[in-house]
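All values below come from the heavy atoms of this structure, side chains included, with hydrogens, waters and symmetry mates left out.
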Amino acid sequence: MRAFLLYRQKEWVNTGHYYDCQSIVQDLGLNTLFMAAAKELEKEDGKVKLVQEADTFIAETMKQVMTVPLTTKEEISYRQDMIRECLNDEALICELYELSADTLLKWDKLGRRAKGGNRSSSRNLVTEIHVLQLLVDSLGSLKKILENHTLHAEGFIELKKRLDEEFGAGLEGDLKRILNDVAFFANEKEHRENISGRRVNRPRIVMGCGVGEGLKLDGFTLEELATEMRWRRDPNGTLGRMQDYWSSLTTESVSVQKDISLAQGADYMELQVVQYVLSCCIPFSMAFDSFFDQLHFQTAFYRGAVNLKHYMDRFQLNCCFPTVGEQDELSFRELQELVMAVEQRICPVGNTCDIQKKMLLIVTGANQGGKSTFLRSIGIAQIMMQCGLHVAAQEYQSGIYPSLFTHFTRREDSEMNSGRLDEELSRMSRIVDNLGRDSLVLLNESFASTTEKEGSVIAYDIVRALNEAGVKILTVTHLLSFAQRMYEEAGKGGGKAEFFCAERLENGRRTFKMIQHEPELTSFGLDLYDEIIG
């Protein structure tokens, strides 16, 4: 049995991650989104009443899924349809997640993680019965959940169809009958305290055999196995002794209570019979062995997606499902920086951009003008698009880049074995070594740790080489010589580049809007100086 909720025809296997997930998560601040997705928001009268404790499993699931990019338009569309269904019917995904979590918790308590159990052991056989009962009950509950909701997304419809085929009414009925037949073994053999009741489960086992060579019995067959509810009689009590007495007067029955060897033989026969019957259920148990693990993981992602949408609604952010375009397209309207919104509990300024037939975007302009925020908003939206999530924009369209890299400037710390420039060049070298088809590189103030002249030369050589190799680059820079040189070459038809600047009003105020503009020849640092001393 397969869940197939994240992909149309495959399960989650935790492969295909971005090359340097750690840098991407750090540079874009994605841990904030993982934790936000793990927290339920309780509302009252339309307002947030309580933020629940984070579900660490959902947080870890979001991290794993968001750092494995989808590679086709069809995969993204499939997952977007699933999220739409979850947003329209939140009860569905909540019930599926809670059912899978509860099933796995009960299974773990039964010793699911233990390895190498001896199946011939009475205790292990009892556990096997309880596990089978758990699977049958949980799959029955799953069928009811899917039947009680109107399904529209392909993933949920196909899950219901597979469940009906692989756990149909006939198989379900057969398994329930088997569990009823062997109920005496699980209930009485493991829980001796139940014997104190007035009515107890007793086995009814009917076996057939023939007479073979040497008048020995052979060819045993199981004719009937059932659990019967009988009145319990103390073998040492009056009724028990009377029953043994009447049994001794006939050859049709014999009491095993009076003979230790007979009692042991009866116990052994029960064990062998139950073991034989349960062996018929092994294919079923194996078919569903990993199903609830996959269901739990995959529903956790969709549960996190719903929680992220709640956060976006809470801060009145824009929200849309992106559309997949060509590699040289980047178009969005009122795109907002989601991590900033969650961390600062604000509704950030949105930006609009429409770049066609360009593979290089260079952003310059005033300090503290929102350039890095602008770049992060694109990176976050791209990561979210490529795992099927909605993004914080009114519209968003971009190509797919399974090979995505971030190169953000970092402060020098004790973990660095060399200076900042050496560290930056080392990181860039690793990026170049791992570039592939459909690559996107985000550069944020890279190579600013050296002089403006030297940094501009380094940036020009690297960016120009990568761009000529077909790599798409989005860069924020204060290296004005580099930006001006690229602008002059673009004006002469020497490159497919677009230039944006952080908008600054005449009075020095920053609007945090990015506008199409030739590179500024200053970062307006005096504005900040005047603001500080003023």
| Trp12 and Tyr7 aromatic ring geometry - parallel, tilted or perpendicular at 30°/60° bounds | parallel
| query | What orientation do Phe321 and His390 show, parallel under 30°, tilted 30 to 60°, or perpendicular over 60°? | reply |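 Plane angle over 60°, so perpendicular.
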Side chains of [X] and [Y]: closer than 4.5 Å at any heavy-atom pair?
X      : Y      : value
Phe408 : Gln26  : no
Arg2   : Phe291 : no
Ile24  : Leu30  : yes
Gln382 : Tyr401 : yes
Leu99  : Leu142 : yes
Lys472 : Leu330 : yes
Val463 : Phe482 : yes
Leu338 : Leu317 : yes

| field | Audit row: Leu70, Gln386, side-chain contact (heavy atoms from CB on, under 4.5 Å) steps and yes/no | value | CA-CA 5 Å; Leu70 301 175; Gln386 292 179 181; 5.5 Å; no
| task | Start with the C-alpha distance between His517 and Phe499, add both sets of side-chain angles, then the distance that settles ring-ring contact (aromatic ring centres under 6.0 Å, His included), and finish with yes or no. | result | CA-CA 6 Å; His517 195 279; Phe499 298 85; over 10 Å; no
Salt-bridged, [X] to [Y], with N to O below 4.0 Å?
X      : Y      : value
Glu40  : Arg303 : yes
Lys106 : Asp137 : no
Lys161 : Glu158 : yes
Arg314 : Glu42  : no

| field | side-chain contact (heavy atoms from CB on, under 4.5 Å) between Phe4 and Gln9, worked out | value | CA-CA 6 Å; Phe4 290 162; Gln9 288 296 332; 4.1 Å; yes
Of all heavy-atom pairs between [X] and [Y], which one has the smallest distance, and what is that distance?
X      : Y      : value
Pro322 : Gln80  : O-NE2, 3.1 Å
Ile362 : Met486 : CD1-CB, 3.7 Å
Val349 : Phe512 : CG1-O, 3.9 Å
Gln397 : Gly325 : NE2-CA, 3.7 Å
Asn434 : Ser403 : O-OG, 4.0 Å
Thr406 : Ser23  : OG1-O, 3.5 Å

Short side-chain to backbone donor-acceptor contact, [X] and [Y], under 3.5 Å:
X      : Y      : result
Asn444 : Ser372 : no
Asp438 : Gln327 : no
Glu395 : Cys320 : no
Thr352 : Glu334 : yes
Thr299 : His296 : yes

| All salt bridge (charged side-chain N to carboxylate O under 4.0 Å, His left out) counterparts of Asp27, not counting sequence neighbours |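 By the salt bridge (charged side-chain N to carboxylate O under 4.0 Å, His left out) rule, Asp27 matches Arg410.
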| query | Would you find more than 12 non-hydrogen atoms of other residues, nucleotides or ligands less than 6.0 Å from Glu468 atom CD? | reply | yes
| CD of Glu452: more than 12 outside heavy atoms within 6.0 angstrom? |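 For Glu452, atom CD is crowded (more than 12 foreign heavy atoms under 6.0 Å).
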| query | Passes side chain to side chain donor-acceptor pair (under 3.5 Å), Glu343 versus Thr32? Steps please. | reply | CA-CA 7 Å; Glu343 289 181 343; Thr32 296; 2.7 Å; yes
| message | Would His149 and Phe156 count as a ring-ring contact (aromatic ring centres under 6.0 Å, His included) here? Give the steps. | response | CA-CA 10 Å; His149 292 266; Phe156 290 124; 9.2 Å; no
| Are Arg485 and Ser481 close enough, and set up right, to give a side chain to side chain donor-acceptor pair (under 3.5 Å), and what steps lead you there? | CA-CA 6 Å; Arg485 186 176 179 183; Ser481 299; over 6 Å; no
| query | Taking the six-membered ring for Trp, are the ring centroids of Phe301 and Phe297 within less than 6.0 Å of each other? | reply | no
| said: Quick one, Phe447 with His407, criterion ring-ring contact (aromatic ring centres under 6.0 Å, His included). Give me CA distance, side-chain angles, the key distance, then yes/no. | reply: CA-CA 10 Å; Phe447 318 118; His407 188 277; 5.6 Å; yes
| Worked verdict on Tyr18 versus Ile383 for side-chain contact (heavy atoms from CB on, under 4.5 Å) | CA-CA 10 Å; Tyr18 293 111; Ile383 294 292; 3.5 Å; yes
| field | Stepwise salt bridge (charged side-chain N to carboxylate O under 4.0 Å, His left out) test for Lys513 and Glu503 | value | CA-CA 5 Å; Lys513 290 281 189 180; Glu503 186 178 44; over 6 Å; no
| Inter- and intrachain pairs under salt bridge (Lys or Arg N to Asp or Glu O under 4.0 Å), touching residues 67-82, at least two apart | Asp81-Arg84
| Pairs involving residues 86-97, ordered by first then second residue, that meet salt bridge (Lys or Arg N to Asp or Glu O under 4.0 Å) (sequence neighbours left out) |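 Every pair satisfying salt bridge (Lys or Arg N to Asp or Glu O under 4.0 Å) with a residue in residues 86-97: there are none.
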| field | Test side-chain contact (heavy atoms from CB on, under 4.5 Å) applied to Val432 and Leu466, step by step | value | CA-CA 8 Å; Val432 171; Leu466 294 180; 4.2 Å; yes
| Worked verdict on Gln356 versus Glu326 for side chain to side chain donor-acceptor pair (under 3.5 Å) | CA-CA 9 Å; Gln356 305 292 330; Glu326 300 298 326; over 6 Å; no
